K.L.:
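Got a structure for you, written out below as structure tokens; questions coming shortly.
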Protein chains: 2
Amino acid sequence: MLNAADINFYLSVFRWLDLKDMMDLARLAHTKELKAGEIYIQPGSTSQKLAYIKAGLIRTYSLKENGDEVTLMLRWENQFVASFDSVILAKPSRFIYQALEATTLVEVDYHKAKHIIDRSPELSAASHTFLLHMLGDAMDRLEGFVLLSPEERYLKLVHEKPDINNRVPDKYLATLLGIAPGSLSRIRKRIALQHKR
Amino acid sequence: MLNAADINFYLSVFRWLDLKDMMDLARLAHTKELKAGEIYIQPGSTSQKLAYIKAGLIRTYSLKENGDEVTLMLRWENQFVASFDSVILAKPSRFIYQALEATTLVEVDYHKAKHIIDRSPELSAASHTFLLHMLGDAMDRLEGFVLLSPEERYLKLVHEKPDINNRVPDKYLATLLGIAPGSLSRIRKRIALQHKR
DNA sequence: CCCAAAAATTAACAATGGTTAATTAACGCT
DNA sequence: AGCGTTAATTAACCATTGTTAATTTTTGGG
């Protein structure tokens, strides 16, 4: 069940946890490998998976009526990923979660883990902190849409996550920024020209 | 300190609370009246006020370098309002919170209320639920920016909060939607024309 | 009730983004 | 390495928005 590498992993990520709680959690957790391009969560899914990304990158996207894909979120190594609709709102997921790279997840069922989380002060605090982080990220991104132009949003994104350009196709980045893929090309070109002077 | 109306109010809003917890909270709480136009929270403020809006409407806005005001958030009666930066991130507020109407708040200092919240399972759960709601709102609004056009965002806003048009000046609504005030006028006109046919 | 100030509308123009289609470049698979 | 597929770029054109300034409307105070 647990090999030495796994134990090391749990000890490092949850070192602030009571040992018993950690073992209880570890019993519920398992590792999942996704190939590049593989779908992690299908729309309509209600499973309350909560996953820590050990390595790789997950894209959350939506399908519009006309068939267009719109990227809503990107999550990568050392972040958590969960179906927002299923875990937070307890509804079927409207979105698709796809691994863009070979991805390693450590997954627990939130529904099963909940009673462990609830009885551990540290885990409760951690889940609170997790929510705060999610909220902080969301607010920050909202500010970007209200305060910044598409060009500025793009610059902010590459500043915060420089390797994103090499890991995520432009067409996905574009819709994440709220613009069309062609526009991202133009913005890139505009920036390059300004830089040359 | 507490009059009959106040007691009624606390009993109705926090009826699911342990009586002792409720009394402890009520001791920390006080009512605050704001006139239309009055500033509630100044930028730079670090006070961790957490307020329930009994009546009225609060606008959160930011000042850009060029002096332009950009509205980030609107909160109204029966919602909570708090300085996101101060309470969630424990930083000085970057934003200005202003009452757009005569507004009645019931206010507690989150810093002082925290130990009451922490020792009450009901209050802890409520604060968790509160965060989930904030997160849900933020995600929903993010979806709007990624999936919808400005016109569709405007229609969504008036659909969700029909009286917003009569309570908030257009110039504030415009920046909330991520567009310029002039554009909102045009969008309004376009919609009216389409409707006439 | 009137007047001054603020807000909303409108128009003209510039800048930007959306859309489509064609071309080029990059990628991935065998 | 080569080939077919997918992604990215580019261009042309259209639609929409941003910007500014002038005009009209609305609002609120005296």
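The structure displayed is predicted, hence computed values, not measured ones. By convention in this document, chain letters (A, B, ...) are assigned in the order of the sequence lines, proteins followed by strands, and residues within each chain are numbered from 1.
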K.L.:
Please name the residue in the list B:Arg190, B:Arg186, B:Lys156 that meets the side chain to side chain donor-acceptor pair (under 3.5 Å) test with B:Glu151.
P.N.:
B:Arg190

K.L.:
Starting at atom CG of B:Leu184, determine the distance to atom P of D:dT16, rounded to an integer number of angstrom.
P.N.:
15 Å

K.L.:
Taking for each residue the nucleotide of DNA chain C bearing the nearest heavy atom, is the 5' side occupied by B:Gly182 or by A:Asp68?
P.N.:
B:Gly182

K.L.:
Any salt bridge linking A:Arg188 with A:Asp170? Criterion: basic side-chain nitrogen under 4.0 Å from a carboxylate oxygen.
P.N.:
yes

K.L.:
Charged N to carboxylate O under 4.0 angstrom, B:Asp85 versus B:Lys91?
P.N.:
no

K.L.:
Nearest whole Å is fine: how far is D:dT5 P from A:Lys171 NZ?
P.N.:
15 Å

K.L.:
Whole angstrom is fine here: how far is it from CG in B:Asp170 over to P in D:dT17?
P.N.:
15 Å

K.L.:
Have a look at B:Pro150 and say if it touches a base, only the backbone sugar-phosphate, or nothing, with a 4.0 Å heavy-atom cut-off.
P.N.:
sugar-phosphate

K.L.:
Rounded to whole angstroms, how far apart are CG on A:Leu100 and P on D:dT6?
P.N.:
16 Å

K.L.:
Salt-bridge test for A:Arg59 and A:Glu101: reply yes if a basic N is under 4.0 Å from a carboxylate O, no otherwise.
P.N.:
no

K.L.:
Give the first and the last nucleotide of DNA chain C, reading 5' to 3', that has any atom under 4.0 Å from a heavy atom of chain A.
P.N.:
C:dG17 to C:dG18

K.L.:
Could you tell me the separation between the CG atom of A:Leu148 and the P atom of D:dG18, rounded to a whole number of Å?
P.N.:
14 Å

K.L.:
Want to settle it: does B:Arg186 or B:Tyr172 sit nearer the 5' end of DNA chain C, counting the closest nucleotide to each?
P.N.:
B:Tyr172

K.L.:
Rounded to the nearest 0.5 Å, how far does CG of B:Asp109 lie from NZ of B:Lys114?
P.N.:
12.5 Å

K.L.:
Do you know the tightest heavy-atom contact between B:Glu38 and B:Glu33?
P.N.:
OE1-O, 4.4 Å

